[in-house]
Structure formats: structure tokens, C-alpha cells
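This one's a predicted model, so the numbers in the text were calculated from it and none came from an experiment.
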Amino acid sequence: MSPTPRRPSVATALLAATVVLLAGCSDGGGGKGKDGGEPAFGPIATNPATSSISLPMDAYTDSDAEIRRMDAVQARLTEQCMARYGFTYEAPSKRPATGSADGDRHRNLFGEADPEHAAAHGYDSESGVPRPQKPAPPQLSQSASAVLFGTRPGETAPTGPDPMSQEEAEKVDSGVEVGGQKVPAGGCGREAYRKLYAPTKDSVDLLFSFGLAAEAHNRAQEDSRVVTALKGWSDCMGKGGYGGVGTPYEVIEKLGLQNDKAGPKAVAIATKDVACKREVNLVGIWAAAEVAYQQRLVEEHAETLALYKKQRDDRLKLAASLA
């Protein structure tokens, strides 16, 4: 049982939300956006390294390093809450370092795009990244478990109220008591999450910025200029003997690489994949589209994003105070 929600990485959030957001959040006009026309592109770089790409939503989304830092802060808040009830608790680490540099948060946004990585590792995005064993969950007494998870005896999950913010939680009776003290709704794990990500009723949803970035990604992929570049990439792949793939996201599944992303076959395909991207400047064109569609959404949601950014800054200050 995990006491708190787990945050996705930027790339994971974007790609996982692609289909959902296209159906639920877009305007139904494909890549055209609300004003009915495709946005003008700014400068289009020629085969840029993904580490050099800067997108408007970067100002509102955490890097992998910042996500891990927030995980540590959330763990510290959980430990402090447990200590109020007399329990010494060490929260398990949520995720190992990914090995990605902070400046390369978009490395996987367009599929494999680094010729050196493709030639050495194929599609194995975790090559060279340590894979530590997941630590065993701490053994908890019934009372400690009740405090951590907000559960009553015999429950595997809390059944009491689940307020959306800490401001609201402070006015709620969880119905769970340990050692004469009321346990926070959802337990210490949930309290830590609320204190960090939803301290007040006006807190913007943690995934709001990821959702906008995913929506922009969907629109960019359907932009006619990106569609043309994808067609050129696909044709190039077909001429190299790797036909039947329409986007870089289909390569692993359609070309049967699920079980061996770093073997000779994967390396050969990845090398051709990157070469084809460079032949049609797919990354340069697609990145320009991402910038244009993200900027449109930033302008449409300026008020909410300003509040989100202030609250994100507050989280970073809280992190600094607990360091």
C-alpha cells in the first residue's frame, strides 16, 4: 500500500496523457486550436539536440531532479507527522535517479533522437542507470499503520473523508484515533501530500501543467507541418526496411523490440530511426510546433498558470526550509 499518490516524470505524463487529453481536452479541431488556424512557427532549428530545446511549459513543470527533491520533502513531512504520534518512521525512497541531465528533460519527447545513444544502446532509455532493488516496506505496528494510512483496524485502505486540501482537512474528523490523538484524514502520508501540493482550497491540481503540455503535444503532432515531416520520416524508415511505422512511438511495438531494446536489431533500427529524423529535420520541426502550441495554451490559461507558478515557488521554499 502506498500512502500517497506518485508523480510521473515529465515524459511519462506527456505520453501517457496523449490519448486521454486529445479526446477530453482538445477543441476537436485536430491541431488547429481554438482560433481555427495553425499557429505560426518561430525559428526552426536544424536537427537540434533535445538538451537544447526549451519549451514554454518548462517554467511550470519540474525536472526529474526537482521531482525527486519534492519526493524527499514529502517523505520528510510524513516522518514529521509520524513523530507527532511517537513513531520513528523512515519513508522509503520513491524513485532512483533517472540518469537524465536536468537540461535534457525532452530527451524522449520525439522518440530516440540521439545518434550516439542509438548506436550504443538502441532504444534502452535506462542503459547505464543503476537499478537498485526496491527496499522492503517498513514493518509497522497496527497503531503505526493507522497513523500512516488513516485506517481503522481491519481496513486495508482508509474509508473516512478525503479532503482535497490541507485547509479543508484541518476542519475534518477522520474518525481514527491513536494514543488519544486524532489521526489526519488519510493518515500522515496523505497529510504530507496535501501540505506540499494542496495546502489551500485554491491549490491548482498538481497535474494541471502536465495536462496542458500533453494537450499541446497532441495538437503539435496533428499539425500539418509535423504530419508532413512524420510522413517523410516514415517513408525513410520504409526504404530502410522498417516499414509500417507511422510515428516514432510505434517503433518498439510494431518492429518487435519489446523484449530486446538494446540488442543488435534494436541498435540497427534506432540508428536508422535517428538518421531518418535528421534527414527530414523531424525534431526541429516538431519542437517548433511544440513551442507554438504550448505558447497558445500558456496565453489561454495565463491566470491559472500564474497561480500554479506561485504555488510551485512556495513548494520550493518549503523544500528549502526543510533541507
Review point. Mind checking whether Val267 and Tyr242 sit in one hydrophobic cluster, side chains of I, L, V, M, F, W, Y counted as touching below 4.5 Å?
Key: no
Practice item. Could you check Leu109 against Leu55 for side chain to side chain contact (heavy atoms under 4.5 Å, CB included), going step by step and ending with a plain yes or no? Key: CA-CA 12 Å; Leu109 187 57; Leu55 301 179; 4.0 Å; yes
Practice item. Just say parallel, tilted or perpendicular for the rings of Tyr308 and Phe208, cut-offs at 30° and 60°. Key: tilted
Point to revise | Geometric cation-pi criterion Arg84 and Tyr89, 6.0 Å radius, 45° cone | key: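 The answer is no, since Arg84 fails at least one limit relative to Tyr89.
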Point to revise | Salt bridge Asp64-Arg68, side-chain N to carboxylate O under 4.0 Å | key: no
Point to revise | Check ion pair Arg107-Asp114 (N to O, under 4.0 angstrom) | key: no
With distance as the sole test, does [X] use its side chain to make a donor-acceptor pair with the main-chain N or O of [Y] at under 3.5 Å?
{"X": "Tyr85", "Y": "Lys182", "answer": "yes"}
{"X": "Asp223", "Y": "Arg219", "answer": "no"}
{"X": "Ser209", "Y": "Thr61", "answer": "no"}

State which residues pass salt bridge (Lys or Arg N to Asp or Glu O under 4.0 Å) with [X]; sequence neighbours excluded, sorted by chain then number.
{"X": "Asp260", "answer": "none"}
{"X": "Asp314", "answer": "Lys310"}
{"X": "Arg69", "answer": "none"}

Practice item. Please report the shortest heavy-atom distance between Ala216 and Gln294, naming the atom on each side. Key: CB-CG, 3.5 Å
Review point. Does the side chain of Arg312 come within less than 4.5 Å of Val204's, by heavy atoms?
Key: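 No, every pair of side-chain atoms sits at 4.5 Å or beyond.
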**Study point:** Within 6.0 angstrom of Lys231 NZ, more than 12 heavy atoms from elsewhere
**Key:**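 Atom NZ in Lys231 is not crowded, with 12 or fewer foreign heavy atoms closer than 6.0 Å.
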Check your understanding: Quick check: are there more than 12 heavy atoms from other residues, nucleotides or ligands sitting under 6.0 Å from CD of Gln142?
Key ->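 No, CD of Gln142 has 12 or fewer neighbouring heavy atoms, counting only those of other groups under 6.0 Å.
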Exercise for review: Starting at CG of Leu322, measure out to CD of Gln74 and round the result to the nearest 0.5 Å.
Suggested key: 12.0 Å
